[in-house]
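Just below is one structure, and these are the notes that go with it.
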There are 2 protein chains.
Amino acid sequence: MDITARKKPEPSDKTTRIQEANRRVILDAALDVFSAYGFRGTTIDQIAEKASMSKPNLLYYFKRKQDIYVSVLEETLEAWLQPLHDLDPAGNPIEELRRYISKKLQMSALKPEASRLFANEILHGAPAIQTFLKTVLKKLVDEKAAVIRQWVSDGRLAPIDPYHLIFMIWATTQHYSDFDVQIRAVLGNQVDKPGFNDQVSQAVLSLILNGVKVRQV
Amino acid sequence: MDITARKKPEPSDKTTRIQEANRRVILDAALDVFSAYGFRGTTIDQIAEKASMSKPNLLYYFKRKQDIYVSVLEETLEAWLQPLHDLDPAGNPIEELRRYISKKLQMSALKPEASRLFANEILHGAPAIQTFLKTVLKKLVDEKAAVIRQWVSDGRLAPIDPYHLIFMIWATTQHYSDFDVQIRAVLGNQVDKPGFNDQVSQAVLSLILNGVKVRQV
DNA sequence: GTCTATAAGAGGATAGAC
DNA sequence: GTCTATCCTCTTATAGAC
């Protein structure tokens, strides 16, 4: 089941255009359903219906339910880490963090299903992406934590533990999509009004950036 | 399934000591299993085994799987909101927030299963606590948001939207239990070392409190 | 590639003896 | 109150016709 145990499709694995299109439809449907109900809570029937396809037909493209799940996760993970990749050691610290946070918020708002799929996987012990977290993710975070640490020791950021800063950025930027129903229960329909996302950005950015700005004494 | 649709046990519902003890064992086991695997991912057999009880015997105490789930949630919710209840309008704003955040962090660290059970329920649309969120939770948050807003307009806190402040406190304080495996993948076994929880407290408190402290100009 | 039919098994829930 | 045995539904996955 673990993601890293699967090989990536080779260029030699020729797929026709109709195959690609059908896989695309299935994966899109699967993201919706898996993120809403979790792995066990999702039935192949649900995915098939959403993909307007019969169950056996769907299983022609993905032999097992797990294969669909892992494929959806794989697709999501790459994109999910891109913003952190882009954190530039040569840039202005505050501006780099602002860009990172904004990008994360934007992605969560645009694809809340992806955020929830990921949250659910981790919440339940990350059975499918355990190795990925310990290798790819850890390596990237270590690398970017070093960048932030350097900024701090150069006096360009207030003293803060870089790992905890990264965790808190993750927590706050994904909270609005992962806990959407709770936010809605409290705030009502104002979350669907035009300015809401900007309001969230403003709140999250000001809180975190205020916390890391160097104070003039 | 919704929590508020169920009546609370009356004093007239006499239960023997052994009944109470067995229900206690079941609910403790159920919290562990439900929080680890979710509602659908959990089997009655798993709970029964953890409670050292046969499945039919367990079903003698709770007729249906849903009943166990709802009971566990009920127990958890009350305790979960207590710290917010305790936010005192008459207290010192920074100290009140510090106490609130510390208490939330402490509870998450002490009962990560409860945090994850709650997170999972909300992540999947809160089918069992929808009404609770829209009534009890909303009322409490509205009330405490008004308190924080007053502190701000009295100039005792930096200008910040009280709702978003509360959401960010929730996000950051529960992140370390909900996303535990991700934290572990990145930080390794240092999360089990003695000082780790203090380190987390320090990071979370300094970031958030710095963001709300009034700056002297 | 897509369908109908169905095998195979897991898991929730109950019957009824003790 | 607790157990063994069992029913029955739901769901994954496959067989085989078209």
Side-chain angles (χ1 to χ4, degrees), chain A residues 1 6 9 13-73 120-121 124 127-128, chain B residues 1-2 6 9 13-73 117 120-121 124 127-128:
Chain A
M1 170 89 155
R6 297 178 68 253
D13 296 346
K14 278 172 201 153
T15 51
T16 68
R17 214 155 297 146
I18 189 157
Q19 278 176 341
E20 260 324 300
N22 274 335
R23 288 176 66 95
R24 181 75 271 130
V25 171
I26 293 169
L27 291 174
D28 288 345
L31 173 58
D32 282 359
V33 186
F34 278 132
S35 70
Y37 304 103
F39 180 75
R40 286 286 302 269
T42 292
T43 68
I44 300 180
D45 274 316
Q46 285 175 294
I47 303 175
E49 181 172 6
K50 191 147 231 163
S52 308
M53 201 177 282
S54 73
K55 180 162 54 176
N57 194 186
L58 185 152
L59 286 167
Y60 168 79
Y61 290 97
F62 294 89
K63 279 233 153 324
R64 300 172 311 161
K65 184 181 170 181
Q66 281 196 0
D67 296 342
I68 314 175
Y69 183 70
V70 169
S71 292
V72 175
L73 266 179
N120 185 63
E121 168 68 14
H124 297 126
Chain B
M1 170 90 155
D2 201 292
R6 296 179 68 253
D13 296 346
K14 278 171 200 152
T15 51
T16 68
R17 213 154 299 145
I18 190 160
Q19 279 176 338
E20 260 325 299
N22 274 336
R23 289 176 64 94
R24 182 71 272 129
V25 171
I26 293 169
L27 291 175
D28 288 344
L31 173 58
D32 282 358
V33 186
F34 278 132
S35 70
Y37 303 103
F39 181 75
R40 286 286 302 269
T42 292
T43 69
I44 300 180
D45 275 316
Q46 284 176 295
I47 303 175
E49 182 172 7
K50 190 147 231 165
S52 308
M53 202 176 282
S54 72
K55 178 163 57 173
N57 194 185
L58 184 152
L59 286 168
Y60 169 79
Y61 290 98
F62 295 87
K63 280 234 156 317
R64 299 173 310 161
K65 183 181 171 182
Q66 281 196 359
D67 296 343
I68 315 174
Y69 183 70
V70 170
S71 293
V72 175
L73 265 179
L117 180 78
N120 185 64
E121 169 67 12
H124 296 126

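The chains referred to below are lettered A, B, ... by the order of the sequence lines, with proteins before strands, and numbering in each begins at 1.
Of all the heavy atoms in Ile68(B) and Ala30(B), the pair that sits closest is CG2-CB, 3.5 Å. Taking each heavy atom of Ala128(B) and Leu73(B) in turn, the nearest pair found is CB-CD1, 4.0 Å.
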Open item on the list: Base contacts versus sugar-phosphate-only contacts with protein, heavy atoms under 4.0 Å: please encode nucleotides 13-18 of chain C as B, S and - from 5' to 3'.
Closed with: BB----

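Atom OH of Tyr69(B) sits about 13.5 Å away from atom CG of Leu27(B), to the nearest 0.5 Å. Summarising the geometry, atom CD belonging to Glu20(A) is positioned 6.0 Å from atom CZ belonging to Arg23(A); distances are rounded to the nearest 0.5 Å.
In this structure Asp28(B) satisfies the side chain to side chain donor-acceptor pair (under 3.5 Å) test together with Arg24(B), sequence neighbours excluded.
Distance Leu58(B) CG to dG11(C) C1': 14 Å, rounded to the nearest Å. As rounded to whole Å, 8 Å separates atom P of dT11(D) from atom CD of Gln46(A). Look at CE on Met1(A): it is 13 Å from P on dT12(D), rounded to the nearest Å.
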Can you give the donor-acceptor pairs under 3.5 Å from side chains of residues 59-66 of chain A to other protein atoms, not counting sequence neighbours?
{"unit_1": "Tyr61(A)", "atom_1": "OH", "unit_2": "Asn22(A)", "atom_2": "ND2", "d": "2.6"}
{"unit_1": "Arg64(A)", "atom_1": "NH2", "unit_2": "Asp67(A)", "atom_2": "OD1", "d": "3.3"}
{"unit_1": "Lys65(A)", "atom_1": "NZ", "unit_2": "Phe39(A)", "atom_2": "O", "d": "3.0"}
{"unit_1": "Lys65(A)", "atom_1": "NZ", "unit_2": "Thr42(A)", "atom_2": "O", "d": "2.6"}

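For residues 30-39 of chain A, no residue pair satisfies the side chain to side chain donor-acceptor pair (under 3.5 Å) rule, not counting sequence neighbours. The salt bridge (charged side-chain N to carboxylate O under 4.0 Å, His left out) pairs that include a residue from residues 38-47 of chain B are Asp45(B)-Lys55(B), where partners are two or more places apart or lie in different chains.
Mapped onto DNA chain C by nearest heavy atom, Asn57(A) and Asp45(B) fall at different nucleotides, with Asn57(A) at the one closer to the 5' end.
Phosphate contact (OP1/OP2 of dT2(D), side-chain N/O of Ser54(B), threshold under 4.0 Å): absent. Note on Tyr60(A): every side-chain N or O is 4.0 Å or more away from OP1 and OP2 of dT14(D).
Contacts between residues 28-43 of chain A and DNA chain C, defined by a heavy-atom separation below 4.0 Å, involve Arg40(A), listed by number.
In this structure, of dG1(D), dT2(C), dT4(D), it is dG1(D) that holds the atom nearest to the side chain of Gln19(B).
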